[in-house]
Amino acid sequence: TPIESAAQEEAAAAEEPTLSAEELAELKAKEEAEAHEKMIADEIASYGNLGICRLEDAGYLNIREEADQKSDIMGKLYDQSACSIVEDDGEWVKITSGGIDGYVKKQYLMTGDEAQQAALDNIALRAIILTDNLNIRSEPDAESDSVGAAMENERYLVEEELDGWIKIKNGYVSSDYVELRESLNEA
């Protein structure tokens, strides 16, 4: 009968263990931590054959059009920046990073387990610029002075998230023109 079925369901529900608010909070925190770890692993894995720039004294490593010291410079790879290694020809490797394809000297890249560890150490919340010549403002206000410009695909460490604005090292950028993501720096 329907009355017996309802009584049986109520009895079964009463026997199921329930979690306290503290246990629910711990479970939610654990699930969020696991999701965060997976997101970081996926970000690092997206590079395929990962390379991390390692510079002792220089400010940046030139990305060249050809595997030749005299070849045109296509971009710059800063210390601890990530790239995908496309080809390895010995002294030079062909890479792609931040939308730039070119060649760098292999001696300046970490690879394998060393690159994986460096990536884990350097992944952070970054503002990835989605448009060219995005004004960097002195204050979180569209009417404030422009103190510079950010180019498409550049990545900046996020210092603070404000209403509609992201604070970066040099000033503020509009959140309308950036993607916030745990990521590595690139060219």
(request) Please list, chain by chain and in numerical order, all residues satisfying side-chain hydrogen bond (donor to acceptor under 3.5 Å, both in side chains) with Glu23, sequence neighbours excluded. (result) Ser20
(request) Drop me the distance from Leu120's CG to Glu37's CD, to the nearest 0.5 angstrom. (result) 10.0 Å
(message) When you group the ILVMFWY residues by side-chain heavy-atom contacts below 4.5 Å and let the links chain together, are Leu77 and Ile100 in the same group?
(response) yes
(message) Please enumerate all residues that pass side-chain contact (heavy atoms from CB on, under 4.5 Å) together with Ile73, with sequence neighbours excluded.
(response) Asn62, Arg64
(request) Please identify each residue that fulfils side-chain hydrogen bond (donor to acceptor under 3.5 Å, both in side chains) with Asn185, with sequence neighbours left out. (result) Ser81
(request) Find the distance between OG (Ser71) and CH2 (Trp92) and round it off to the nearest 0.5 Å. (result) 7.5 Å
(message) If the condition is side-chain hydrogen bond (donor to acceptor under 3.5 Å, both in side chains), which residues does Asp132 pass it with, not counting sequence neighbours?
(response) none
(message) Could you work out, with salt bridge (charged side-chain N to carboxylate O under 4.0 Å, His left out) as the rule, every residue matching Asp88, not counting sequence neighbours?
(response) Lys106
(request) Apply side-chain hydrogen bond (donor to acceptor under 3.5 Å, both in side chains) to Gln80 and list each qualifying residue two or more places apart in sequence or on a separate chain. (result) Asn122
(message) Keeping Ser174 on the side-chain end and Trp165 on the backbone end, is there a donor-acceptor pair under 3.5 Å?
(response) no
(request) Step by step, work out the side-chain contact (heavy atoms from CB on, under 4.5 Å) result for Leu125 and Glu161. (result) CA-CA 11 Å; Leu125 183 62; Glu161 294 178 56; 3.6 Å; yes
(request) State whether Asp141 and Arg137 are salt-bridged, where the test is any N-O pair (Lys NZ or Arg NE/NH1/NH2 against Asp/Glu carboxylate O) under 4.0 Å. (result) no
(request) Measure the OH-OG1 distance between Tyr177 and Thr131 for me, rounded to the nearest 0.5 Å. (result) 7.5 Å
(message) The criterion is side-chain contact (heavy atoms from CB on, under 4.5 Å); which residues satisfy it with Tyr156, sequence neighbours excluded?
(response) Ile129, Ile136, Ala150, Glu154, Ile168
(message) Looking at Ser144, is its backbone amide N or carbonyl O close enough to the side chain of Ser138 to form a donor-acceptor pair, meaning the two atoms are under 3.5 Å apart?
(response) no
(request) First locate atom SG of Cys83, then atom CD1 of Ile52, and finally report the distance between them rounded to the nearest 0.5 Å. (result) 7.0 Å
(request) Using the salt bridge (charged side-chain N to carboxylate O under 4.0 Å, His left out) rule, collect all pairs that involve residues 70-84, keeping only residues at least two apart or in two chains. (result) none
(message) Working to the nearest 0.5 angstrom, can you tell me the gap between Met39 CE and Ile44 CD1?
(response) 9.5 Å
(message) I'd like to check the side-chain contact (heavy atoms from CB on, under 4.5 Å) partners of Asp89; sequence neighbours left out, ordered by chain and number.
(response) Glu87, Tyr103
(request) Go through the side-chain N and O atoms of Asp101 and Thr96 and say whether any donor and acceptor fall under 3.5 Å apart. (result) yes
(request) Taking side-chain contact (heavy atoms from CB on, under 4.5 Å) as the test, write out the residues that go with Tyr108, two or more places apart. (result) Leu55, Leu61, Lys105
(message) Looking at every non-hydrogen atom in both residues, tell me the closest pair between Leu50 and Ala119 and how far apart they are.
(response) CD2-CB, 3.8 Å
(message) Listing request: all salt bridge (charged side-chain N to carboxylate O under 4.0 Å, His left out) pairs with a residue in residues 167-187, at least two apart in sequence or in separate chains.
(response) Glu43-Arg181, Arg155-Glu186, Glu159-Lys167, Glu179-Arg181
(message) With side-chain contact (heavy atoms from CB on, under 4.5 Å) as the criterion, how do Ile95 and Ile63 come out once you've worked through the C-alpha distance, each side chain's angles and the decisive distance to 0.1 Å?
(response) CA-CA 8 Å; Ile95 65 159; Ile63 302 171; 4.0 Å; yes
(request) Measure the shortest side-chain to side-chain distance between Val178 and Ile128 over non-hydrogen atoms and say whether it is less than 4.5 angstrom. (result) no
(request) Check the hydrophobic clustering (I, L, V, M, F, W, Y; side-chain heavy atoms under 4.5 Å; chains of links allowed) and say if Met151 and Val173 are grouped together. (result) no
Expected list for residues 109-117: side-chain donor-acceptor pairs under 3.5 angstrom, two or more places apart:
{"residue": "Glu114", "atom": "OE2", "partner": "Arg54", "partner atom": "NH1", "Å": "2.5"}
{"residue": "Gln117", "atom": "NE2", "partner": "Asp121", "partner atom": "OD1", "Å": "2.9"}

(request) Count the heavy atoms of every other residue, nucleotide or ligand shown that sit under 6.0 Å from CD of Glu160, and state whether that count exceeds 12. (result) yes
(message) Are Ser84 and Asn49 packed together at the side-chain level, in the sense that at least one heavy-atom pair is separated by less than 4.5 angstrom?
(response) no
(message) Rounded to the nearest 0.5 Å, what separates atom CG in Leu134 from atom OG in Ser146?
(response) 9.0 Å
